[in-house]
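Naming: A, B, ... by sequence-line order, numbering from 1 per chain.
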Amino acid sequence: MKRVYLDYAATTPTHPDVVTAMLPYLNDTFGNPSSIHSFGQEAKGAIEEARETIAALIGAKNDEIVFTSGGTEADNFAIKGVAYANEHRGNHIITNSIEHHAVIEPLKFLERRGFKVTYLPVDQYGMVDPQGVRKAVSEKTILISVMHANNEIGTIEPIAEIGRIAKEMGVYFHTDAAQTIGHIPIKVNELGVDLLAISAHKLYGPKGVGALYVRKGTKVAPFMHGGEQERRRRASTENVPGIVGFGKAMQIAQNEMGTEAERLTLLRGGLIEGLLERIDDIQLNGHPRKRLPNNVNVSVQFVEGESMLLNLDMEGIAASTGSACSSSSLEPSHVLLALGLPHEQAHGSLRFTLGRETTEEEIERVLEVLPPIVAKLRSMSPLLKSRV
Amino acid sequence: MAPNIRSLYSEKVMEHFKNPRNVGEIENPDGTGHVGNPVCGDIMELYIRVNDGVITDAKFKTFGCGAAIATSSMVTEMVKGKTIEEALEISNHAVAEALDGLPPIKMHCSVLAEEALKSAIDDYLNNSKGMDLESE
Ligand code: FES
């Protein structure tokens with residue numbers, strides 16, 4: 001049975017050209033970029049080239065890119081870095097209720113150390129209201145953090161609008177762009193962000209590498225202390241093969257992003273339409289239009305997500321869910337709850353995220369396989385009876 | 001999210017999950033158990049038919065994860081042919097064991113199965129008391 005991977009938001013397969021680009025740096029070109037001999041300088045040259053590619057793609061300057069171990073580190077760096085470097089100016093940070101854990105957890109950590117965090121609500125589609133952001137700003141506010149697009153429901157936030165407000169109010173603005181980088185266009189000046197966190201493995205690059213864009217002049221405390229790497233902002237010998245792979249992945253994305261987004265938007269539409277047509281009592285989660293080209297998130301009533309996932313997995317289809325049963329905390333997805341969904345509907349959520357290898361046949365396959373799975377689980381569901 | 005969900009569960013669990021036994025309801029059951037899982041918010045209903053103090057049939061309906069469905073299926077299998085006293089002895093551990101074990105994070109689902117059974121038996125005992133009174 002050919003397996004169908006529809007969990008690209010979790011991670012993507014590494015592009016073969018990325019692997020090829022990385023290989024020399026796992027073999028002969030092994031030097032430490034900090035060394036002045038030719039071995040070192042070759043490695044140094046490679047990471048600077050990758051930096052240039054990435055900077056150009058997002059409209060930044062080379063020295064505004066700091067490589068990290070991934071998106072989570074980039075978010076931690078941005079949030080704690082701004083907090084520690086600007087403590088003397090204020091202790092208030094504004095975010096919202098549907099951020100990724102990589103943002104929420106460092107913020108909670110800061111709260112335990114005396115910082116104040118405002119978690120703005122979102123509307124039923126997961127949209128943050130820019131005017132809500134404006135109202136929340138006080139003279140103690142040092143940072144606003146709003147994700148570019150949500151990883152679970154795919155809603156794209158009004159970042160440029162919030163960026164204008166942040167600038168007007170003189171507050172640093174951070175966005176987690178792990179889900180959008182390489183998938184939709186990003187220019188840091190158009191978005192008006194001071195900090196932007198990205199990760200390679202969400203765009204067919206390797207795992208274990210990411211970057212933080214830091215606008216020139218932004219006061220951020222270093223994330224790791226040690227050597228002089230990354231202009232002393234992030235010590236540690238660079239992940240040379242990873243960075244090279246990241247650069248290559250960004251280059252490919254730049255060339256293919258436009259057509260790929262169009263292709264995926266069509267497939268996405270087909271999947272959403274098909275699901276709503278073939279399954280009763282199902283609803284789309286997230287914004288109907290302002291959403292990532294590859295994201296489908298639905299709530300299927302009266303059934304639980306993990307049992308749907310298991311059944312799909314038996315058919316070779318990989319998806320994900322926001323159900324409490326499949327999380328190690330046994331809490332349903334905070335994102336779905338923030339949309340105002342009742343527990344049972346968060347329970348019955350299914351996320352399909354499409355990517356490079358996704359075909360129409362695969363979408364058709366899901367549309368064939370899922371309705372009988374839902375019917376089978378519903379026949380076991382005590383929730384359905386109370387309704388009929 | 002759970003890593004490789006299928007390898008999370010034993011073959012037995014997967015087997016009961018794929019082909020759950022005794023799904024459905026019993027018409028005019030002698031006992032009904034309806035319990036909710038305070039941990040993750042799932043729901044289980046268990047119906048029993050009792051003849052001369054022996055459970056002759058059991059059926060279930062469950063809204064929950066793979067482990068919840070498998071433990072419901074297993075517990076309904078285990079109680080059939082047991083006397084009420086024997087059925088009351090069935091613990092969640094026994095159900096989990098019969099399924100060749102459950103991942104630690106899923107043990108609470110087997111607790112739900114035990115509680116559903118206990119609640120169905122309670123219901124039966126209450127009903128039969130009522131019946132005794134009526135017949136007097
Ligand atoms: S029923 Fe929710 S974890 Fe098993």
Review point. Quick one: do R278(A) and E364(A) make a salt bridge, cutoff under 4.0 Å?
Key: yes
Practice item. Identify which one of L112(B), N92(B), L117(B) satisfies the side-chain contact (heavy atoms from CB on, under 4.5 Å) criterion when paired with V75(B). Key: L117(B)
Point to revise | Salt-bridge criterion met for K106(B) and E306(A) (N-O under 4.0 Å) | key: yes
Point to revise | Flag for N311(A)-E315(A): side-chain donor and acceptor within less than 3.5 Å | key: no
Check your understanding: Does E15(B) pair with K12(B) as a salt bridge, N-O distance under 4.0 Å?
Key -> no
Review point. Counting a contact as any heavy-atom pair under 4.5 Å apart, which residues of residues 333-348 of chain A contact chain B?
Key: E344(A), H347(A)
Practice item. Could you verify whether a donor N or O on one side chain and an acceptor N or O on the other, from D100(B) and S10(B), lie under 3.5 Å apart? Key: no
Check your understanding: Should E89(B) and K82(B) count as side-chain neighbours, where that means a heavy-atom distance under 4.5 Å?
Key -> no
Exercise for review: Start with the C-alpha distance between T175(A) and H148(A), add both sets of side-chain angles, then the distance that settles side-chain hydrogen bond (donor to acceptor under 3.5 Å, both in side chains), and finish with yes or no.
Suggested key: CA-CA 6 Å; T175(A) 193; H148(A) 194 189; 5.6 Å; no
Exercise for review: Any chance you could measure N151(A), atom CG, to D176(A), atom CG, to the nearest 0.5 Å?
Suggested key: 7.5 Å
**Study point:** Contacting region of I105(B) [heavy-atom separation from chain A under 4.5 Å]
**Key:** both
Review point. Can you find a pair of side-chain heavy atoms, one from I26(B) and one from I48(B), that are under 4.5 Å apart?
Key: no
Check your understanding: For chain B, which residues of residues 366-378 of chain A have at least one non-hydrogen atom nearer than 4.5 Å to it?
Key -> K376(A), L377(A)
